[in-house]
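Heads up: the structure comes next, in structure tokens.
Treat the numbers as computed from the prediction; the structure is a model and nothing was measured.
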Amino acid sequence: MPLARSLSVTSLSGLEEWDEEFDLEDAVLFEIAWEVANKVGGIYTVIQTKARLTAEEWGENYFLVGPYVESNVRTQVELIEPTNPVLKRTIDKMNASGCKVYFGRWLIEGSPYVVLIDVAFTAWSLDRWKSELWELCDIGVPWFDREANDAVLFGFLTAWLLGEYVAQSEEPPYVVAHFHEWLAGLGLVLCRHRQLPVATIFTTHATLLGRYLCAGNVDFYNNLAEFNVDKEAGDRQIYHRYCLERAAAHCAHVFTTVSQITAIEAEHLLKRKPDVVTPNGLNVKKFSAVHEFQNLHAQSKNRIQEFVRGHFYGHLDFNLDKCLFLFIAGRYEFSNKGADLFLEALARLNYLLRVNHSDVTVIAFFIMPARTNNFNVETLKGQAVRKQLWDTAQTVKERFGKKLYESLLVGQLPDVSKMLDKEDFTIMKRAIFATQRQCQPPICTHNMLEDSSDPILNCVRRIGLFNSSADRVKIIFHPEFLSSTSPLLPMDYEEFVRGCHLGVFPSYYEPWGYTPAECTVMGIPSISTNLSGFGCFMEEHIADPTAYGIYILDRRFRGVDESCNQLTSFLFQFCKQSRRQRIIQRNRTERLSDLLDWRYLGRYYISARHMALAKAFPDTYLYEPHDPTSTTGFRYPRPASVPPSPALSRHSSPRHSEAEDNDEDERYDEDLEAEKDRVNIRQPYSMPFKNKLSTANGANGSSDGDASEKN
């Protein structure tokens, strides 16, 4: 088998059915990651959402391995006795030897078994294991790097667990060990060094060096082949971490990454081309009513509008019905996440909306957690004023309704001029007076600890978008994760996303990109880039991504200014859409959610496990890869009905006449379009996999030796 070729996501649809009739009864899967029942970053989401599918495939033979963190275990794990007798003997033996290993069920969908290792309990072995690591691999770990020290402890303990499991088995088991990221990678290296009969897989979700280089404002993608990786890692004091990651990538039977863009990065920085690209998925839940997600959008949008009414009190001189909500969310990495490009594009969009006398107002939310000490007093006051106005309106309405009721009771039509008396007018005048405001609505909802050096606030000062009445683009910076218990914006993240019109993620470094994927599943259009895994994935599988509400920004082959102009164009064209066009586009976006379902993307993990078993146990398992031809690729065709954007339409303006709207009604058939899209969703590319012991006469003569030598 040619290892140089990666199984590409271009083969997602495939034409053949997956052959899953193989015997897993004697095979055991251990999936090892630092984020098992321990939320640190995005890998937690990957493992948590994928667990149900993997548990269905492997049943009682699937075990997740992670660190024991007491605060997480209390709320996320139900500790029980091991159900597998071999694993029970393994855990008992380790506990008797000075370890603390726990077994339980992770309380998520699929309820997978988890083996949790108390790393701190064996810290007394750290120096001995670090010495052993130096003798075996010439990798030295400095004493002050606590994260790397944890990786050493976790690696030795997981290798101990796997070795003990093999030793306690009465018959040689077929063990697959899947390691995620460098924090778990040392266990893989030790398994191979000790020659344990374990099929190993290593998945990097983002290379260590790549993240550090991009954070340093380096022209990363144009210089990938030029970097002196050892020097760059040493300059950033992560050489020991980089060595652990690179060793794991090279020792693994199968090496995978989450996207094609990360595969290119790994090939240059880790010096090994991935065998399989395993895109990240989500558990997609379909509504029984086709347009239920549109109703949820309307409900959540109303809640955001309520917040906006309070935030802009005294300056609410724009029509909320013609107001578009844009947002960017994620870690506060100003350049990596593209916040710098987004702000510059908003300034240019503001100019275009003003010179074109547009009646559309854009409110851009920045949801990026930063260091704060409390809510902004002016922001809290705005919500209090809004609530006071609402209470006043309710009071006057009750008084008005009572007088109307009494007038109708005596059989008289009410005299409207007498329905409101002086007291009512006094109450309303007081309420209006309370809304007077001398300052502009605040940009930031919180008091920043480092206001003068904050990148977003400094950029806002430079471009001059201060939420003035003349500006058609307003900015709200919310430097805290969203929560339904917040006194300011009481919405959780999912609710907030559903209420927005467009997610904007012009990232420079984004190995996958869960934020635009979550937008797609919820039927919200998004902007991503061809430097993100998600953007590349969608560009491969959709002939016209824009028609489906997936805008792909070119940051790979264009300069910063050109990319900014393209982003501005995307935003301006979106602002010119009519309400009907946005509804049609949301319908199309939501239909793409099947592409991101683990039921489809999970097959790539299945393929990686099959490949690893065939390499580790060539006498038992046979793996027959097929090279997909260009004709077996898969692309959504462009919809033939209503153009999603005025830029692609025969209309010069987003506002259509009644005759034009009727013409659109005739040309757009939602059910017909949806049926055509459903035809395009097929099973992923087939990777035939057989258990040699279950086939007649064993395997053919060409299957002996390492699977990597087959062609």
Side-chain angles (χ1 to χ4, degrees), residues 6-16 259-261 277 279 281 284 502-503 505-506 512-513 516-517 519-521 523-558 563 566-567 569-571 573-574 576-577 581-597 600-601 603-604 628-651 664 667-685:
S6 294
L7 174 61
S8 170
V9 290
T10 50
S11 58
L12 177 68
S13 61
L15 298 176
E16 304 173 73
S259 64
Q260 289 287 17
I261 194 74
V277 171
V284 177
L502 181 70
F505 313 103
W512 175 246
C519 285
T520 303
V521 168
I524 302 301
S526 63
I527 297 175
S528 57
T529 74
N530 58 358
L531 292 180
S532 73
F534 173 85
C536 294
F537 179 84
M538 286 302 190
E539 208 167 29
E540 272 190 287
H541 294 88
I542 308 172
D544 183 7
T546 304
Y548 285 90
I550 308 295
Y551 298 85
I552 311 296
L553 184 66
D554 185 1
R555 293 203 66 179
R556 190 172 182 186
F557 303 109
R558 298 191 185 196
S563 297
Q566 187 186 18
L567 177 56
S569 175
F570 284 158
L571 297 175
Q573 295 302 332
F574 188 82
K576 289 166 66 178
Q577 286 185 4
Q581 285 175 319
R582 291 198 301 272
I583 290 173
I584 292 171
Q585 193 178 59
R586 281 198 296 272
N587 286 336
R588 291 175 181 164
T589 303
E590 195 271 342
R591 286 202 300 273
L592 294 179
S593 58
D594 280 341
L595 269 178
L596 302 169
D597 197 331
Y600 297 91
L601 299 184
R603 301 302 182 94
Y604 290 100
T629 65
S630 59
T631 57
T632 61
F634 154 86
R635 287 172 75 82
Y636 266 73
R638 187 181 184 281
S641 58
V642 180
S645 167
L648 305 173
S649 170
R650 59 188 173 83
H651 303 300
E664 286 186 352
R667 291 193 295 141
Y668 177 71
D669 187 330
E670 165 68 21
D671 294 334
L672 179 63
E673 221 180 75
E675 184 59 37
K676 287 181 179 178
D677 283 345
R678 274 193 291 272
V679 171
N680 284 310
I681 291 285
R682 303 192 190 96
Q683 293 292 327
Y685 175 61

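- Closest approach of Ile524 and Gly503 over heavy atoms only: CG2-N, 4.3 Å.
- In this structure the side chain of Ile550 reaches within 4.5 angstrom of the side chain of Ser526, judged on heavy atoms.
- Of all heavy-atom pairs spanning Ile261 and Cys536, the tightest one is CB-SG, 4.3 Å.
- With rounding to the nearest 0.5 angstrom, the CD atom of Glu540 is 11.5 Å from the CG atom of Leu595.
- Of the possible polar contacts, none joining the Asp554 side chain to the Ser563 backbone as a donor-acceptor pair under 3.5 Å is found.
- For Arg556, there are no salt bridge (Lys or Arg N to Asp or Glu O under 4.0 Å) partners, not counting sequence neighbours.
- Closest of all the heavy-atom pairs between Phe534 and Gly513 is CB-O, 3.9 Å.
- Gln581 and Gln577 get closest at one heavy-atom pair: OE1-CA, 3.3 Å.
- Between Tyr548 and Met538, every side-chain heavy-atom pair lies at or beyond the 4.5 Å cut-off.
- Across all their heavy atoms, Asn530 and Phe557 have their closest contact at ND2-CD1, 4.2 Å.
- The CD atom of Gln566 sits 10.5 Å away from the CG atom of Leu571 when rounded to the nearest 0.5 Å.
- Here CD1 of Ile527 is found 4.5 Å from CG of Leu502. Values are rounded to the nearest 0.5 Å.
- Of the inter-residue distances, the one linking Leu553 atom CG with Leu531 atom CG reads 9.0 Å to the nearest 0.5 angstrom.
- Below 30°, between 30° and 60°, or above 60°: for Phe570 and Tyr551 the angle between ring planes is between 30° and 60°, a tilted geometry.
- Two residues are said to be in side-chain contact when any heavy atoms from C-beta on lie closer than 4.5 Å; Phe537 and Ser259 fail this criterion.
- Two residues are said to be in side-chain contact when any heavy atoms from C-beta on lie closer than 4.5 Å; Ser528 and Ile552 meet this criterion.
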